[in-house]
Engineer: 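Have a look at this one.
Bear in mind the structure is a predicted one, so any value in this text is a computation, not a measurement.
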Amino acid sequence: MDDLTSIWETHRDAGWPHFSSPHEGELMTLDTVISGCVVYYMEHREGLDVQRVEILESCLSDLEALLPDLVDQDSRVYFDRLKVLGHLLLKPGAG
């Protein structure tokens, strides 16, 4: 839980990276949805419900597909951190 909280605070405080990508809108949506799952988890310690788990898994799959296209270091760090957050939420015992 400490890892999740620490990584979330870093991500929450990070500014949106400056980069150019035809997928910027999709990446913004993925960031919003995954971040929303983190906030929900932090407020509801019983964990994510089945619907949120399914949405999170789908978002992570989409994010994984887009990561290879990110060549800018700032954007790569930002979205790699987002991926870690999502995986921490899905980790057994996270809820």
Side-chain angles (χ1 to χ4, degrees):
M1 183 59 174
D2 290 338
D3 287 343
L4 179 68
T5 301
S6 175
I7 295 169
W8 169 242
E9 288 171 354
T10 300
H11 190 74
R12 182 193 61 206
D13 295 341
W16 181 255
H18 297 285
F19 66 102
S20 178
S21 169
H23 305 291
E24 188 170 1
E26 186 176 1
L27 289 163
M28 189 175 287
T29 299
L30 293 171
D31 182 52
T32 300
V33 174
I34 294 171
S35 294
C37 287
V38 174
V39 170
Y40 179 88
Y41 176 81
M42 301 292 251
E43 293 175 356
H44 303 90
R45 297 298 175 137
E46 66 274 3
L48 300 178
D49 55 43
V50 173
Q51 182 179 8
R52 282 182 180 83
V53 168
E54 290 172 357
I55 290 169
L56 181 56
E57 288 172 338
S58 176
C59 286
L60 285 171
S61 176
D62 292 346
L63 181 58
E64 293 273 355
L66 295 174
L67 282 176
D69 294 337
L70 297 175
V71 294
D72 176 80
Q73 183 63 23
D74 289 340
S75 62
R76 187 61 192 231
V77 167
Y78 185 91
F79 291 105
D80 279 341
R81 185 176 50 241
L82 182 65
K83 179 179 80 169
V84 168
L85 282 168
H87 284 291
L88 284 172
L89 289 177
L90 294 176
K91 195 174 176 180

Engineer: Is it possible for you to say whether M28 and L67 belong to one hydrophobic cluster, with membership spreading through side-chain heavy-atom contacts below 4.5 Å?
Structural biologist: yes
Engineer: Would you say the side chain of R12 lies within less than 4.5 Å of the side chain of V39, judging by non-hydrogen atoms?
Structural biologist: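 No, every pair of side-chain atoms sits at 4.5 Å or beyond.
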Engineer: Give, for atom CG of L30 and atom CD of E64, the distance between the pair rounded to the nearest 0.5 Å.
Structural biologist: 11.0 Å
Engineer: For P17 and S75, which heavy atoms make the closest approach, and how far apart are they?
Structural biologist: CB-CA, 3.7 Å
Engineer: Any donor-acceptor pair under 3.5 Å linking the side chain of S61 with the backbone of E57?
Structural biologist: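 No; zero donor-acceptor contacts below 3.5 Å.
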Engineer: Does I7 belong to the same Ile/Leu/Val/Met/Phe/Trp/Tyr cluster as V38, with side-chain heavy atoms less than 4.5 Å apart forming each link?
Structural biologist: yes
Engineer: side-chain contact (heavy atoms from CB on, under 4.5 Å), that's the test. Do S35 and L82 meet it? Break it down for me.
Structural biologist: CA-CA 8 Å; S35 294; L82 182 65; 4.2 Å; yes
Engineer: Count I, L, V, M, F, W, Y as connected when their side-chain heavy atoms are under 4.5 Å apart, and connections chain through other members. Are W8 and I55 then in the same cluster?
Structural biologist: no
Engineer: Checking R76 now: which residues fulfil salt bridge (charged side-chain N to carboxylate O under 4.0 Å, His left out) with it, not counting sequence neighbours?
Structural biologist: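 Scan of R76 (salt bridge (charged side-chain N to carboxylate O under 4.0 Å, His left out), adjacent residues dropped) gives D80.
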Engineer: Between S6 and D2, is there a donor-acceptor pair closer than 3.5 Å when you use the side chain of the first and the backbone of the second?
Structural biologist: no
Engineer: Mind checking the CG-CD spacing from D62 to E26? Nearest 0.5 Å is all I need.
Structural biologist: 5.5 Å
Engineer: What class does the angle between the rings of Y78 and W16 fall in, given that below 30° is parallel, 30 to 60° is tilted and above 60° is perpendicular?
Structural biologist: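 Taking W16 first and then Y78, their aromatic rings stand perpendicular (interplane angle over 60°).
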Engineer: Would you check if F19 and L27 make a side-chain contact, meaning some heavy-atom pair closer than 4.5 Å?
Structural biologist: yes
Engineer: Would you say L56 ends up clustered with V53 if hydrophobic residues are merged whenever their side chains have heavy atoms under 4.5 Å apart, either directly or through other cluster members?
Structural biologist: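 Same cluster.
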Engineer: Among all residues two or more places apart in sequence or in another chain, which pass the ring-ring contact (aromatic ring centres under 6.0 Å, His included) test with H44?
Structural biologist: Y40
Engineer: Rounded to the nearest 0.5 Å, what separation is found between the CG atom of L48 and the CG atom of L90?
Structural biologist: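 Answer rounded to 0.5 Å: 7.5 Å.
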Engineer: Just verifying a value: how many Å separate H11 NE2 and L85 CG, rounded to the nearest 0.5 Å?
Structural biologist: 6.0 Å
Engineer: Can you check whether C59 reaches T29 side chain to side chain, under 4.5 Å on heavy atoms?
Structural biologist: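 No - every pair of side-chain heavy atoms lies 4.5 Å or more apart.
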Engineer: Supply the members, apart from V71, of the Ile/Leu/Val/Met/Phe/Trp/Tyr cluster built from side-chain contacts under 4.5 Å; use none for a lone residue.
Structural biologist: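 Listed partners: none, V71 stands alone.
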Engineer: If you take all heavy atoms of L60 and I34, which pair is closest and at what distance?
Structural biologist: CD2-CD1, 4.1 Å
Engineer: Is there side-chain contact between V84 and L88, with heavy atoms separated by less than 4.5 Å?
Structural biologist: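 Yes, their side chains come closer than 4.5 Å.
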Engineer: Run the side-chain contact (heavy atoms from CB on, under 4.5 Å) test on M42 and L4 for me, step by step, so that the C-alpha distance in whole Å, both residues' side-chain angles and the decisive distance to 0.1 Å come before the verdict.
Structural biologist: CA-CA 9 Å; M42 301 292 251; L4 179 68; 4.2 Å; yes
